[in-house]
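The block underneath contains the structure these notes are about, expressed in structure tokens.
The sequence lines fix the lettering, A, B, ..., with proteins before strands; numbering per chain opens at 1. Since we're looking at a predicted model, the values are computed, not measured.
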2 protein chains.
Amino acid sequence: MSITDRRLRQKEEVRVLILDAAWEMVVTEGWQSFSIRKVADAIEYSVPVIYTHFENKDAILLEFNRKGFRLLAECLEEAKIGKDNPAAQIDAMAHAYWNFAFSNYQYYQLMFGLGMPTCETARKIPEMAGFKDAISSSIEALTPADRKDSVDPFLKYQSFWSMLHGLVSINMLGKPDNQHGGLAEMVLKDVICSFIKGIVS
Amino acid sequence: MSITDRRLRQKEEVRVLILDAAWEMVVTEGWQSFSIRKVADAIEYSVPVIYTHFENKDAILLEFNRKGFRLLAECLEEAKIGKDNPAAQIDAMAHAYWNFAFSNYQYYQLMFGLGMPTCETARKIPEMAGFKDAISSSIEALTPADRKDSVDPFLKYQSFWSMLHGLVSINMLGKPDNQHGGLAEMVLKDVICSFIKGIVS
DNA sequence: GTAGCTTTGCTAACGCTGTTACAAAAAATA
DNA sequence: TATTTTTTGTAACAGCGTTAGCAAAGCTAC
């Protein structure tokens with residue numbers, strides 16, 4: 001069956017062609033402006049050909065999503081190499097995660113659904129001030145007098161917000177409501193506790 | 001000038017009509033399927049009328065974004081009422097944040113750009129296993145023998161991931177690269193430190 | 001009350017998008 | 001060479017954001 005063999009090989013080649021062109025597009029223009037039609041144009045095939053390889057547009061994005069997680073896992077594993085102290089491993093992985101996110105910006109966006117229209121401007125929204133004030137004031141009040149030098153309130157505000165936003169986002173991946181059998185609640189408590197401890201002592 | 005007065009009033013009414021219809025749509029169908037044309041249809045006006053009130057589609061979403069932050073700030077302030085202990089305030093705000101996110105799901109999505117096509121399925125991606133294993137194994141190794149009962153590795157894995165994802169997301173709101181003058185790096189270190197402390201002691 | 005001007009609103013189009021039914025062309029089989 | 005299978009392209013459907021140009025209504029002044 002060498003004929004069907006070649007056919008499979010050729011079909012695979014087109015599949016790779018599609019993925020390459022799509023990825024090129026995601027990297028240069030962002031996933032928002034990636035379209036089936038543009039991919040078809042780039043690989044010099046007609047549009048329906050793409051639908052013989054992928055069920056729909058989302059299936060192509062899903063492919064990148066999975067690859068993103070594979071890459072991230074690799075980065076984390078690599079970061080651990082040569083470090084047998086678990087605390088050092090966790091430290092290394094955290095930095096690896098951070099570096100992955102920013103040096104693979106497009107992957108990270110796809111993996112966690114960042115990059116909405118309003119997202120870019122979210123930082124400039126004046127309404128955020130009230131939010132920041134509410135948190136910052138309590139953090140400053142919490143800081144013991146003898147630690148005012150070593151605790152930066154703005155830094156702690158960022159930590160606080162980041163932790164909460166991460167927690168919420170992760171829990172929203174999948175389900176809109178928070179019926180997760182109390183686990184999320186325990187994580188929340190755990191995170192708050194760590195945060196407060198980090199300031200007072 | 002009672003005529004132009006009425007005109008302004010009527011124009012404002014249409015504006016409210018637009019926002020109400022748009023929000024109704026976002027709540028019932030999600031922001032992904034909200035469209036100018038459907039709003040025009042709902043309020044029984046033609047499409048260009050909407051463009052006399054809002055510059056474009058994003059401007060309408062931005063409106064909700066801002067309102068979302070106003071609501072969130074209110075929630076946080078309200079949570080602090082009657083609590084003069086700063087640690088209790090922070091605890092209350094964290095829970096208020098959490099509750100806001102899940103009882104105002106659509107606002108939270110808009111505010112932080114959640115809800116990409118691939119987002120719903122992100123939890124089901126098998127490639128995530130490698131990622132989880134890399135982290136969990138180090139956490140288990142870090143846990144002292146006498147604390148194995150009180151430290152749930154899965155819970156800590158969720159905390160770790162949440163913190164990092166939050167940190168990255170917040171820093172990506174605005175800029176793709178991480179040239180933030182070292183502040184983000186300090187927050188990262190701060191968060192890792194708190195996390196490790198929370199496990200070993 | 002009518003003429004002219006201003007404001008408002010609608011129709012219809014442009015150029016996109018994802019997706020698919022159907023026909024043509026090419027390739028493999030008989 | 002004729003037939004069948006596979007592959008590919010054309011063209012359409014239904015939707016989207018956005019805008020140019022025109023008709024209608026409302027207001028002002030005579």
Side-chain angles (χ1 to χ4, degrees), chain A residues 1-19 21-23 25-26 28-65 110 115-121, chain B residues 1-19 21-23 25-26 28-65 110 115-121:
Chain A
M1 287 293 154
S2 122
I3 283 174
T4 53
D5 238 36
R6 172 182 53 76
R7 277 191 164 161
L8 279 175
R9 205 169 54 243
Q10 285 181 336
K11 200 168 175 91
E12 179 62 25
E13 274 168 24
V14 174
R15 195 190 140 91
V16 171
L17 226 56
I18 292 171
L19 287 174
W23 186 244
M25 212 158 283
V26 168
T28 56
E29 302 174 57
W31 65 264
Q32 297 91 339
S33 80
F34 144 76
S35 85
I36 298 272
R37 292 174 120 98
K38 280 195 264 185
V39 170
D41 205 57
I43 64 172
E44 293 174 310
Y45 274 89
S46 70
V47 172
V49 170
I50 293 175
Y51 285 89
T52 64
H53 292 86
F54 298 94
E55 201 189 336
N56 52 29
K57 187 184 179 179
D58 286 358
I60 299 176
L61 291 177
L62 189 64
E63 205 77 6
F64 297 137
N65 207 324
L110 284 169
M116 265 217 348
T118 49
C119 208
E120 293 95 65
T121 51
Chain B
M1 285 296 154
S2 122
I3 283 174
T4 52
D5 237 35
R6 173 183 53 77
R7 276 191 166 163
L8 279 175
R9 205 169 55 243
Q10 286 181 337
K11 200 167 173 94
E12 179 61 26
E13 273 168 25
V14 174
R15 195 189 140 91
V16 171
L17 228 55
I18 292 171
L19 287 173
W23 186 243
M25 212 160 282
V26 168
T28 56
E29 302 174 55
W31 64 265
Q32 298 91 340
S33 80
F34 145 76
S35 85
I36 299 272
R37 291 174 122 99
K38 279 196 266 185
V39 170
D41 205 58
I43 64 171
E44 294 175 309
Y45 274 89
S46 71
V47 171
V49 170
I50 293 174
Y51 285 88
T52 65
H53 292 86
F54 299 95
E55 202 189 336
N56 52 29
K57 186 184 178 179
D58 286 358
I60 299 177
L61 291 176
L62 189 65
E63 205 76 6
F64 297 137
N65 208 326
L110 284 169
M116 266 213 350
T118 50
C119 208
E120 293 96 61
T121 51

Taking the side chain of Ile36(B) as its heavy atoms from C-beta onward, which of dT18(D), dT8(D), dG18(C) lies nearest to it? dT18(D)

Rounded distance (nearest 0.5 Å) linking atom CH2 of Trp23(A) with atom CG of Leu19(A): 10.5 Å

Write down the distance between CG (Leu61(B)) and C1' (dG17(D)), rounded to a whole number of angstrom. 12 Å

Nearest heavy atom decides the nucleotide; on that basis, is Lys11(B) or Ser33(A) closer to the 5' end of DNA chain C? Lys11(B)

Length of the line joining His53(A):NE2 and dT7(D):C1', which is rounded to integer Å: 10 Å

Let's go through Ile36(A) and Tyr51(A) carefully: what are the C-alpha distance in whole Å and the side-chain angles of both, what is the deciding distance for side-chain contact (heavy atoms from CB on, under 4.5 Å) to 0.1 Å, and is it a yes or a no? CA-CA 9 Å; Ile36(A) 298 272; Tyr51(A) 285 89; 3.9 Å; yes

Would the distance check show the side chain of His53(A) and the main-chain N or O of Lys11(A) forming a donor-acceptor pair, the cut-off being under 3.5 Å? yes

Taking the minimum atom-to-atom distance to the side chain of Ser46(A), which one of dG18(C), dC16(D), dT8(D) wins? dT8(D)

Contacts of Pro48(A) and Thr52(B) projected onto DNA chain C by closest heavy atom; the upstream (5') one is Thr52(B)

Taking atom types as they are modelled, is there a donor-acceptor pair under 3.5 Å from the base of dG18(C) to the side chain of Arg37(A)? yes

Can you measure Asp41(A) atom CG to dT17(C) atom P for me and round it to whole angstrom units? 10 Å

Would you say a side-chain N or O of Ser35(A) is under 4.0 Å from OP1 or OP2 of dT17(C)? yes

Using side-chain heavy atoms (C-beta onward) and a distance below 4.5 Å, is Glu12(A) in contact with Val16(A)? yes

Rounded interatomic separation in angstrom, taking CD1 from Ile60(B) and C1' from dT18(D): 12 Å

Interatomic distance, Gln10(A) CD vs dT8(D) C1' [rounded to whole Å]: 13 Å

Interatomic distance, Tyr51(B) OH vs dA20(D) P [rounded to whole Å]: 12 Å

From the set dT17(C), dC16(D), dC10(C), return the single nucleotide nearest to any side-chain atom of Val49(B). dC10(C)

Round to a whole Å and report the spacing from CD1 of Ile18(A) to P of dG18(C). 13 Å

Separation between CG of Asn56(A) and CG of Leu62(A), rounded to the nearest 0.5 Å: 9.5 Å

With a 4.0 Å cut-off on heavy atoms, is Tyr45(B) in touch with a base, just the backbone sugar-phosphate, or nothing at all? sugar-phosphate

Take atom CD1 of Ile50(B) and atom C1' of dT19(D), then tell me their distance rounded to the nearest Å. 14 Å

